[in-house]
Amino acid sequence: MAETPHLYLVDGSAYIFRAYHRLPPLTDPEGTPVGAVYGYTTMLWKLADDLHKADGPTHLAVILDKSSRSFRNEIYDKYKANRPPPPEDLVPQFPLIRDATRAFSLPCIEEPDVEADDMIASYAREAQRQGWNVTIVSSDKDLMQLVGEQDGARIDMLDTMKNARIYIEEVEEKFGVPPEKVGDVLALMGDSVDNIPGIFGVGPKTASRLIAEHGGLTAALDAAEGMKKSKLKERLLEYRADAELSRVLVTLREDCGLPVSLDDMKLDQVPSEPLAAFLGKHGFSSLLKRLEAGNGSPSRTTDLDPAKRDTAGAPANAAGNRQPLPDFPAVDRSTYECVQTLDRLEAWAERAQAARLVAVDTETSSLDCMQCDLVGISLALGANDACYIPLGHGGSDMFAEKPVQIDKAAALKALAPLLANDAVLKVFHNGKYDLNVLARNGVAVSPVDDTMIISFDLDAGRQLDGIGGGHGMDELAERHLGHTCLTFKELCGTGRKAIPFGEVPLDKATEYAAEDADVTWRLYQQLKPRLATEGGTKIYERVDRPLVPVVAQMERHGIKVDRARLARLSEEFAGETARLEKEIHAIAGTEFTVGSPKQLGEVLFVTLGYKGGKKGKSGQYSTDQSVLERLSGEGAPIAAKILEWRQLAKLKSTYTDALQEAINPQTGRVHTSYSLVGAQTGRLSSTDPNLQNIPIRTEIGRQIREAFVAEEGHVLLAADYSQIELRLAAHMADVPSLKEAFAQGEDIHARTAIEMFGEVNRDTRGRAKTINFAILYGISRWGLGGRLGVEADEAQAMIDTYFQRFPGIQKYIVRTLEEVRERGYSETLFGRKTWFPRIGSKNQAERQGSERAAINAPIQGTSADIIKRAMVRMMPALQEAGLGHVRMLLQVHDELVFELPEADVAAASAVIERVMAGAAEPAVSLDVPLGVDIGTGTSWGAAH
DNA sequence: GAAATCACG
DNA sequence: GACGTACGTGATTTCC
């Protein structure tokens with residue numbers, strides 16, 4: 001039986017607009033911009049490659065817009081009237097799209113006075129009538145009207161950038177209605193890009209709600225009469241004609257003449273000419289190589305093994321860097337060597353020594369670098385010049401033959417001189433992990449570079465739609481090398497069937513492990529030069545790079561916790577929650593899961609009938625702290641009990657239970673893992689467990705801090721910056737009165753209260769404090785009003801007063817936003833960049849969110865830079881003072897925690913205070929002093 | 001896996 | 001006033 005034909009219709013014009021914004025501004029050898037064309041070419045390549053695969057194309061055609069005029073201009077003269085002209089360097093790429101399509105020997109359809117959407121609709125319906133399946137390669141919302149099935153023939157869509165199929169479910173998810181009603185929704189909401197009016201003031205949410213409720217456009221418009229008085233009702237009545245006109249405009253024509261027959265769209269193997277000529281002309285050399293390697297053409301790939309779906313494509317670089325495409329050969333895992341003799345290992349070490357640069361990666365038995373065993377080490381000296389040295393494979397099955405491998409101690413002894421050699425640079429990806437593993441195996445490593453940190457310092461925050469912004473190796477390989485790495489999952493499986501890396505056969509393990517080193521080496525070549533050209537050298541070399549071994553050591557130190565004390569607290573909390581639960585059930589008159597916000601909402605606002613329940617977008621009542629506090633204030637006895645229950649349940653599950661489990665059996669201490677690339681502003685983050693959110697704000701929670709203790713004869717010392725972010729704001733925004741207040745050591749919130757309200761008392765100081773923080777976070781009158789419990793108008797008046805009193809603040813905000821809009825990133829005093837790709841978004845909420853984050857980032861980020869500088873300098877300074885035995889254990893954003901003999905407190909305090917207070921110098925000289933508060937005690941709680 | 005909630009600076 | 005209301009995080013729970 002012949003396979004059912006499957007027609008792919010590519011919406012070419014729409015694609016290149018998206019590709020243009022997503023890809024770097026590449027140019028071909030003649031200087032013609034070809035970034036979007038490159039993206040388009042790789043997309044066609046992939047589609048052609050899918051010939052005869054499940055759901056792949058048997059027929060393929062590209063539809064282009066010849067002109068933007070159509071029948072719609074006849075009935076509505078303003079149709080698409082306010083479209084901005086396309087970007088200058090996109091214009092010369094339009095004709096190249098046609099060239100690219102012809103290069104693939106594919107039909108390219110463009111008709112005068114017919115829009116691509118209508119042509120696509122006409123072809124799709126015709127194919128469907130003949131019983132074919134159709135996939136429209138586009139993400140245009142207008143085309144979603146076509147999705148669905150008729151007589152077993154289906155039309156779906158494919159968004160190649162997000163690699164997502166769009167079918168009925170996805171359409172319903174987006175519009176809240178089935179595809180056939182999408183036109184009705186579009187008619188109500190309009191489209192500012194195409195200048196379709198819709199109903200003024202009605203957006204996608206309201207539009208889909210109305211259509212879903214009333215079943216259709218006419219019914220929704222008719223229903224307006226019967227609605228209660230509202231803005232919406234008035235508008236539906238007033239703009240009815242606009243909506244009806246819009247309905248016609250958004251309707252796709254399905255009866256266009258078809259200039260090419262469906263049969264002529266049959267997809268065959270793509271002939272290598274004229275494709276090769278086209279690729280050569282525009283400098284797409286990696287694709288050209290691939291074409292030659294593949295004996296002539298893409299398509300007809302029967303190789304579905306994901307391990308072999310290697311690509312040699314150029315980078316689809318979301319990060320928007322302007323580097324040339326990398327000139328490396330495609331990753332070829334068959335070139336990797338499995339090193340199984342000491343002779344071979346020594347040969348590699350010698351070559352690494354000569355090369356002066358080696359990428360290194362370790363493989364281990366688990367993700368916990370404080371507990372795992374070392375299973376192997378891989379090295380890379382160049383592209384496809386990599387090896388894997390297995391050291392701990394086999395062993396779980398005593399009867400199976402153990403693979404041949406070098407003795408671990410002997411191998412480490414052979415590698416140690418190389419790893420410690422100052423003249424040989426060791427490049428890692430997330431080196432902190434490997435440093436800890438190697439340190440636990442008695443091997444020190446220096447000097448170190450880290451491609452994960454480099455990526456972060458270049459591209460923090462740079463993620464765009466559908467493209468991750470992370471700094472993981474697999475993601476960076478895709479983004480910068482166009483290469484898909486083997487995944488750990490593919491190798492070891494997942495869930496219950498997962499096997500440890502040590503049980504992976506050596507040939508497979510070599511492919512995976514050596515690839516990681518190979519990719520790290522390539523990423524280093526690609527990313528390191530960008531630091532210099534993009535201004536990242538300072539922050540990388542002076543702050544983040546030297547921080548890696550410092551943080552690694554802090555993690556290895558860990559901190560002692562008093563297990564018995566935590567266990568007692570757990571029991572106490574368990575008893576209390578059980579008691580509260582009974583009381584809550586008694587008041588409610590029903591047994592329910594107190595921990596389920598869903599059930600709780602029903603109990604509060606239905607069973608017990610309390611008023612003022614608000615449902616969020618998921619249709620669930622909100623029962624968060626603010627709601628429960630309001631209810632409690634209004635005299636609901638159950639609310640206070642629930643609040644108390646919540647607090648205790650949280651403390652038990654997140655802290656007293658979890659921390660006991662986090663104690664490392666080998667060291668008896670808790671070792672967190674800090675991420676140096678977790679927070680876009682440059683802060684660290686802490687996981688497994690998170691030691692940056694241990695309770696302190698409530699008395700009951702503070703007991704948990706008492707369980708973090710010092711060793712016998714030692715104390716914990718906590719040193720924290722006082723009001724560092726406000727101090728930095730005073731400096732950066734240049735506010736004389738605030739700077740003076742800090743210089744005088746005044747209470748800053750009290751000073752603000754005097755400036756704002758003329759007097760200071762508990763109330764005005766509290767308000768001033770709230771306003772001060774609001775400023776740091778990017779303010780809105782609604783947000784401030786909500787916090788202060790006043791109307792937005794009143795909040796706005798306060799903001800105005802604040803800006804009047806401290807005009808520098810407003811100037812800072814305006815200047816910062818202008819700069820971010822212009823350059824795309826914000827910058828700290830030390831030159832750390834954070835990117836804000838959504839700062840120009842048309843979506844107001846999204847844009848304003850970016851704006852608030854952009855106002856905050858330089859302040860939060862500068863504070864992060866300062867404490868990082870202090871951390872880097874801390875141990876050398878202590879050592880110089882004969883205090884090298886003092887251990888730095890924790891960092892909590894503006895606080896450092898140390899462990900030291902009680903006798904050394906005075907001497908260490910002096911050094912710590914000096915290093916922290918002077919951490920900005922000499923790179924930056926602040927107009928405000930940095931205050932440091934220090935406390936000591938046998939527990940962390942007592943040190944505050 | 002998402003959503004809701006809450007712990008921290 | 002379409003949307004939602006302060007910045008940055010991570011962990012746990014319930015529920016689909």
Side-chain angles (χ1 to χ4, degrees), chain A residues 188-190 192 198-209 231-232 235 461 593-601 616-628 642-643 646-647 649-655 657-659 662 672-675 678-698 701 704-705 720-721 723-725 770-788 792 795 834 842-861 863-864 867 891-895:
Chain A
L188 279 179
M189 64 188 255
S192 58
I199 298 265
F200 177 76
V202 170
K205 299 278 168 182
T206 309
S208 55
R209 180 174 59 80
K231 266 270 180 317
L232 178 63
R235 287 183 171 160
T593 310
V594 183
S596 163
K598 191 177 169 178
Q599 292 182 33
L600 177 61
K617 53 186 157 196
S618 64
Q620 209 178 299
Y621 289 109
S622 168
T623 66
D624 69 15
Q625 207 162 4
S626 64
V627 172
L628 292 172
I642 294 162
L643 281 168
R646 283 237 179 108
Q647 182 186 21
K650 172 90 177 176
L651 293 176
K652 181 174 185 294
S653 68
T654 310
Y655 301 105
D657 287 353
L659 280 172
T672 183
S673 172
Y674 288 103
S675 170
Q680 314 275 297
T681 52
R683 274 190 177 180
L684 306 190
S685 70
S686 159
T687 60
D688 307 307
N690 183 353
L691 295 186
Q692 291 183 322
N693 71 346
I694 302 301
I696 191 167
R697 291 174 184 171
T698 65
I704 292 162
R705 281 202 182 215
D720 62 272
Y721 284 111
Q723 311 276 22
I724 187 170
E725 292 197 2
T770 300
I771 297 170
N772 275 331
F773 279 102
I775 295 298
L776 295 181
Y777 297 152
I779 198 165
S780 82
R781 71 186 87 162
W782 298 278
L784 183 63
R787 295 275 159 152
L788 290 175
T834 302
K842 285 192 202 146
N843 177 327
Q844 192 182 206
E846 204 171 67
R847 184 179 65 249
Q848 290 178 341
S850 284
E851 287 174 353
R852 290 192 297 267
I855 291 166
N856 178 251
I859 299 169
Q860 190 183 113
S863 160
I867 196 166
Q891 189 253 41
V892 193
H893 309 311
D894 64 0
E895 172 185 8

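Chain A is the first sequence line, chain B the second, and so forth, proteins listed ahead of strands; every chain is numbered from 1. These numbers come from a predicted model, not from an experiment.
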Rounded to the nearest Å, what distance is computed from the CD1 atom of residue A/Ile704 to the P atom of nucleotide B/dC6? 16 Å
Closest listed nucleotide, where the reference is the side chain of A/Gln848 and the choices are C/dT5, C/dT9, C/dG4: C/dG4
Using a heavy-atom cut-off of 4.0 Å across all strands, would you classify A/Gly701 as base, sugar-phosphate, or nothing? nothing
Would you say A/Thr623 reaches B/dT5's phosphate, i.e. side-chain N/O to OP1/OP2 under 4.0 Å? yes
What does A/Ile859 touch in the nucleic acid at a heavy-atom separation under 4.0 angstrom: a base, only the sugar-phosphate, or nothing? nothing
Protein-nucleotide distance (A/Arg705, atom CZ; B/dA7, atom P), rounded to Å: 13 Å
Partners of A/Ser863 by side-chain hydrogen bond (donor to acceptor under 3.5 Å, both in side chains), sequence neighbours excluded? none
Any side-chain N or O of A/Arg235 less than 4.0 Å from the OP1 or OP2 oxygen of C/dA2? yes
So what does A/Ser685 touch, heavy atoms closer than 4.0 Å: a base, only the sugar-phosphate, or nothing? sugar-phosphate
Mate of C/dA2 where both pairing distances stay under 3.5 Å, Watson-Crick or G-U: none
Would you please name every residue forming a salt bridge (Lys or Arg N to Asp or Glu O under 4.0 Å) with A/Lys652, sequence neighbours left out? A/Asp657
What interatomic distance, in whole Å, is found between P of C/dA6 and the corresponding atom of B/dC6? 15 Å
Please determine if a side-chain N or O atom of A/Arg697 lies less than 4.0 Å away from the OP1 or OP2 oxygen of B/dC8. yes
Does C/dT5 have OP1 or OP2 sitting under 4.0 Å from an N or O in the side chain of A/Arg852? no
Rounded to whole angstroms, how far apart are CD on A/Gln692 and P on B/dA7? 17 Å
Under 4.0 angstrom, heavy atoms only, what part of the nucleic acid is A/Ser626 near: base, sugar-phosphate, or nothing? nothing
Salt bridge (Lys or Arg N to Asp or Glu O under 4.0 Å) partners for A/Arg209, two or more places apart: A/Glu213
Indicate whether any N or O donor in one side chain lies under 3.5 Å from an N or O acceptor in the other, for A/Arg646 and A/Thr623. yes
Hey, does A/Leu684 reach any base, or is it just sugar-phosphate, or nothing, if we go heavy atoms under 4.0 Å? nothing
Does A/Arg683 place a side-chain N or O at less than 4.0 Å from the phosphate oxygens OP1/OP2 of C/dT9? no
In whole Å, I'd like the distance from the CZ atom of A/Arg787 to the P atom of C/dG4. 17 Å
P atom, B/dT5 versus C/dG4: distance in rounded Å? 15 Å
By side-chain hydrogen bond (donor to acceptor under 3.5 Å, both in side chains), which residues pair with A/Arg781, not counting sequence neighbours? A/Gln796
Length of the line joining A/Leu788:CG and C/dA6:P, which is rounded to integer Å: 12 Å
Give the B/S/- string for nucleotides 11-16 of chain C, one per nucleotide from 5' to 3', where a protein heavy atom under 4.0 Å of the base yields B, of only the sugar-phosphate yields S, and otherwise -. BSSSSS
By salt bridge (Lys or Arg N to Asp or Glu O under 4.0 Å) - contacts of A/Glu725 (at least two apart): A/Arg683
